[in-house]
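Worksheet: the structure to be examined is printed underneath.
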Amino acid sequence: VTEAFVHAVASDEEVRRKNVLLLWFSAFYLLVSVGLVTTLDTIGLILANCLNMGLRVTHSLLFIHTFFEEEKTFSLRNCLPSPTVLVMFALSAAVTRLSAGIFFADPTNGGIWEAVAHVAVGGLCLSGV
C-alpha cells in the first residue's frame, strides 16, 4: 500500500529513482536469500523476505513522511491502529492459539470437525476485532 501511494504521488524522476533503488533491494534480497536459505533452509527464505519487505516499507514511509512534511494536520502515527484494536489482536491471537491447543492436542485425532471448530473460533475472533 505504501509503495502504491508513492508511485501515485511521486514525480516521474522520483519514480525512476525509486525503481533503481528497488532494483538494488532485489539484488540485495537475492544475495541474502541465497545465504540464509543455505544456512536456515525455508526459515532463511522467510527471513530474507521479511528483511526485503522491511526495507521497502521503510523507504516508502520515509518518502511519505517527506511528502507530508509541511502538512500540519497529517501524521503517520494517525495511521496506526488504536490501542484497543491492538489489544483485541493480541487477545484474538491468544484465543486462537488456545483453540489450536484444545482441538489439535492429539495430532492423531485432528479431524475435519476439529478443524471446522478451530476455524469457527478464528471467525468469532475476527468479528470481535
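Because the structure is predicted, anything quoted here is derived from the model rather than measured. Quick note: residue numbers are just sequence positions, from 1.
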*Run through the side-chain heavy atoms of Ile, Leu, Val, Met, Phe, Trp and Tyr, join any pair under 4.5 Å, and report what else lands in Trp24's cluster.*
Val20
Distance-only donor-acceptor pairs under 3.5 Å for side chains of residues 39-52, two or more places apart:
from: Thr39; atom 1: OG1; to: Gly35; atom 2: O; distance (Å): 3.2
from: Thr39; atom 1: OG1; to: Leu36; atom 2: O; distance (Å): 3.2
from: Asn49; atom 1: OD1; to: Tyr29; atom 2: OH; distance (Å): 3.1
from: Asn49; atom 1: ND2; to: Leu45; atom 2: O; distance (Å): 3.3

Per-pair distances, 0.1 Å, donor-acceptor, side chain in residues 69-79, under 3.5 Å, sequence neighbours excluded:
from: Glu71; atom 1: OE2; to: Thr73; atom 2: OG1; distance (Å): 2.9
from: Ser75; atom 1: OG; to: Arg77; atom 2: N; distance (Å): 3.2

*Can you run down the side-chain hydrogen bond (donor to acceptor under 3.5 Å, both in side chains) pairs that involve residues 117-129, sequence neighbours left out, and say none if there aren't any?*
Ser99-His118
*Val116: what forms a side-chain contact (heavy atoms from CB on, under 4.5 Å) with it, not counting sequence neighbours?*
Ile112, Trp113
*Got a sec, which pairs hit salt bridge (charged side-chain N to carboxylate O under 4.0 Å, His left out) with one end in residues 119-129, sequence neighbours left out?*
none
*side-chain hydrogen bond (donor to acceptor under 3.5 Å, both in side chains): pairs with one or both residues in residues 80-90, sequence neighbours excluded*: none
*Please name all residues satisfying side-chain contact (heavy atoms from CB on, under 4.5 Å) with Ser11, sequence neighbours left out, ordered by chain then number.*
Glu13, Glu14
*According to the salt bridge (charged side-chain N to carboxylate O under 4.0 Å, His left out) rule, which pairs have a member within residues 119-129, sequence neighbours left out?*
none
*asked:* Phe67: which residues meet the side-chain contact (heavy atoms from CB on, under 4.5 Å) condition with it, sequence neighbours left out?
replied: Phe5, Val9, Phe63
*side-chain contact (heavy atoms from CB on, under 4.5 Å) partners of Leu98, counting only residues at least two apart*: Ile102
*Assess the side chains of His7 and Lys18: does a donor N or O sit below 3.5 Å from an acceptor N or O?*
no
Distance-only donor-acceptor hits, side chain of residues 87-96, under 3.5 Å, sequence neighbours excluded:
from: Ser92; atom 1: OG; to: Met88; atom 2: O; distance (Å): 2.9
from: Thr96; atom 1: OG1; to: Ser92; atom 2: O; distance (Å): 2.9
from: Thr96; atom 1: OG1; to: Ala93; atom 2: O; distance (Å): 3.1

